[in-house]
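In this text the structure is predicted, and so the values were computed from the model without any measurement.
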Amino acid sequence: MKKMLAGLAVAAFALGCAATVSAGNVDSSCRVKGKRLYGKVQVVRSFPDLKVQVVRSFPDLKVQKVTSFPDRCGKWQFVDSFPDLKIQFVDSFPDVKIQYVNAFPGRP
């Protein structure tokens with residue numbers, strides 16, 4: 001019984017560590033993997049800077065689509081050329097999870 005409890009404790013600790021090391025954490029300067037999460041964004045099918053998953057709840061970043069001045073965290077202007085960031089939309093294993101909003105973009 002003690003071995004089983006010890007095994008469960010180790011497993012719980014490992015899961016807790018894995019959750020805190022998630023690649024999707026947006027840092028205080030609004031970056032993931034060194035890439036800024038604002039500016040001009042181009043959607044690509046291959047060779048993205050970041051893989052993005054759109055979610056309805058518990059996002060890493062709240063994104064507002066804008067047509068000009070994408071100069072703050074979470075403001076994205078979608079373009080076809082000369083992007084600051086290239087993204088690929090995925091259903092699993094994203095680098096960052098986003099939620100579209102109409103106001104108050106940025107870290108939740």
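- Tested against Asp95 for a side chain to side chain donor-acceptor pair (under 3.5 Å), the candidates Lys35, Gln88, Lys33 yield a single pass: Lys33.
- Closest of all the heavy-atom pairs between Tyr38 and Gly74 is CB-N, 4.0 Å.
- Remark: Arg72 CZ is loosely packed, at most 12 non-hydrogen atoms of other residues, nucleotides or ligands lying under 6.0 Å away.
- Nearest heavy-atom pair, Gln77 versus Thr67, reported as atom, atom and distance to 0.1 Å: NE2-O, 3.2 Å.
- Between Lys40 and Pro70, the shortest heavy-atom distance links the atoms N-CG, 4.2 Å.
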Side-chain donor-acceptor distances from residues 47-55 under 3.5 Å, at least two apart:
{"residue": "Asp49", "atom": "OD2", "partner": "Lys86", "partner atom": "N", "Å": "2.9"}
{"residue": "Gln53", "atom": "NE2", "partner": "Asp91", "partner atom": "O", "Å": "3.1"}

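- Considering CZ of Arg107 and OG of Ser28, their distance stands at 6.0 Å, rounded to 0.5 Å.
- In this structure, Leu85 is a member of the same hydrophobic cluster as Phe89, with clusters built from ILVMFWY side-chain heavy atoms closer than 4.5 Å.
- Distance check: Tyr100 OH to Gln64 CD gives 12.5 Å after rounding to the nearest 0.5 Å.
- Taking both residues in full, the closest heavy atoms of Lys65 and Phe78 are given as CG-CE1, 3.7 Å, listed atom of the first, atom of the second, then distance.
- In summary, of the residues considered (Val66, Val41, Val63), a side-chain contact (heavy atoms from CB on, under 4.5 Å) with Lys75 occurs for Val66 alone.
- Asp27 places none of its side-chain heavy atoms less than 4.5 Å from the side chain of Asn25.
- Looking only at distances, no side-chain donor or acceptor of Gln42 sits under 3.5 Å from a matching main-chain atom of Ser81.
- The shortest side-chain heavy-atom distance between Leu37 and Val26 falls under the 4.5 Å cut-off.
- Taking all atoms of both residues into account, the shortest heavy-atom contact from Gln99 to Arg56 is NE2-O, 3.1 Å.
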